[in-house]
**Q** 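To start, I am sharing the structure in question, which I have written as structure tokens.
If you're wondering where the values come from, they're calculated on a predicted model, not measured in any experiment. Residues: numbered from 1 along the sequence shown.
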Amino acid sequence: MAYSLKIQDPRFDKYLKNTKDYRYQFGFALAIIAIVAFYIYGEVSDEMDNPEALYIGLGIGGMFFIIGIYAALSIKKEATWDGEVVEKEIIEKEKSTDFVVYVEDQKHQKHEIRSENDATLYNYYKIGEKVRYHGKLRSYEKFDKSNDDIIFCNACAFMHEIDEHICRNCGCPLLK
């Protein structure tokens with residue numbers, strides 16, 4: 001097996017652009033809802049009148065809008081690197097269990113793949129396996145998928161049967 005060349009598919013770039021756009025739109029929609037809701041509250045409430053209620057709505061709406069902008073701008077490409085699964089750990093907590101897979105890159109830095117109360121990723125990766133971290137998607141791809149029954153979408157992390165080629169959730173190609 002080998003790492004997939006499908007990572008260059010333009011559908012991944014479209015997915016990233018759509019994700020960024022949705023974050024902007026969500027922040028903007030929450031801002032509008034907050035402003036309109038506080039304006040209506042100021043019109044119908046005996047506790048607060050407009051423009052005081054509207055100003056509060058503008059302040060809260062502005063915060064939602066800034067959070068949406070920050071969320072959209074936080075999508076930054078990271079470096080792509082190759083590594084190896086070097087360790088696995090199960091951490092029992094009071095009300096949950098963390099399943100952790102440690103991947104070491106070429107610079108001997110350890111990175112975690114962590115999931116809470118779900119051992120699927122923990123069982124998917126085996127110690128000694130080669131993996132590639134795709135920085136633009138912030139996801140991992142196994143080098144050898146020949147013995148796997150499942151595969152994860154590198155864009156949205158949706159789990160698929162290994163014989164599928166396109167993600168049913170986001171429409172991106174599966175890297176195999």
**Q** Determine which pairs satisfy ring pair (Phe, Tyr, Trp, His ring centres under 6.0 Å) with at least one residue from residues 76-123, sequence neighbours left out, and list them in order.
**A** W81-H111, W81-Y133, W81-Y140, F99-Y122
**Q** Scan for side-chain hydrogen bond (donor to acceptor under 3.5 Å, both in side chains) pairs involving residues 20-34, sequence neighbours excluded, and state none if there are none.
**A** K17-D21
**Q** Is the closest basic N to carboxylate O distance between K110 and E104 below 4.0 Å?
**A** no
**Q** Below 6.0 angstrom between ring centroids: does that apply to F143 and Y3?
**A** yes
**Q** Once rounded to the nearest 0.5 Å, what's the spacing between atom OG of S139 and atom CG of L175?
**A** 7.0 Å
**Q** Any side-chain heavy-atom pair from E112 and V101 closer than 4.5 angstrom?
**A** no
**Q** Do H165 and L174 have side chains that approach each other closer than 4.5 Å (heavy atoms only, starting at C-beta)?
**A** no
**Q** Tell me, do V103 and I113 make a side-chain contact under 4.5 Å, heavy atoms counted?
**A** yes
**Q** Kindly write out the residues that satisfy side chain to side chain contact (heavy atoms under 4.5 Å, CB included) with D13, not counting sequence neighbours, or none if the list is empty.
**A** K136
**Q** Sub-3.5 Å donor-acceptor pair from the side chain of D98 to the main-chain atoms of E116, do we have one?
**A** no
**Q** Does a salt bridge link K142 with E129, judged by any charged N lying under 4.0 Å from a carboxylate O?
**A** yes
**Q** Enter the distance from N154:CG to K176:NZ here, rounded to the nearest 0.5 Å.
**A** 12.5 Å
**Q** Give a yes or no answer on whether the side chain of E164 reaches the backbone of E161 with a donor-acceptor pair at less than 3.5 Å.
**A** yes
**Q** Considering non-hydrogen atoms only, spot the tightest contact between R11 and G171 and give its length.
**A** CD-O, 3.5 Å
**Q** Tell me, which pairs form a ring pair (Phe, Tyr, Trp, His ring centres under 6.0 Å) where one or both residues lie in residues 46-65, sequence neighbours left out?
**A** none
**Q** Mind checking ring-ring contact (aromatic ring centres under 6.0 Å, His included) for Y15 and listing every partner two or more places apart, or none if nothing turns up?
**A** none
**Q** For residues G61 and A31, report the shortest heavy-atom separation together with the two atoms involved.
**A** O-CB, 3.0 Å
**Q** Excluding sequence neighbours, so at least two apart, what forms ring-ring contact (aromatic ring centres under 6.0 Å, His included) with Y39?
**A** none
**Q** Are D105 and K107 ion-paired here, with the side-chain N under 4.0 Å from a carboxylate O?
**A** no
**Q** Does D144 pair with K130 as a salt bridge, N-O distance under 4.0 Å?
**A** no
**Q** Taking all non-hydrogen atoms of both residues into account, name the closest pair between P173 and K6 and its distance.
**A** CB-CD, 4.0 Å
**Q** Is it the case that over 12 heavy atoms from other parts of the model lie below 6.0 angstrom from the NZ atom of K14?
**A** no
**Q** Could you check whether atom OH of Y70 has more than 12 heavy atoms from other residues, nucleotides or ligands sitting under 6.0 Å from it?
**A** no
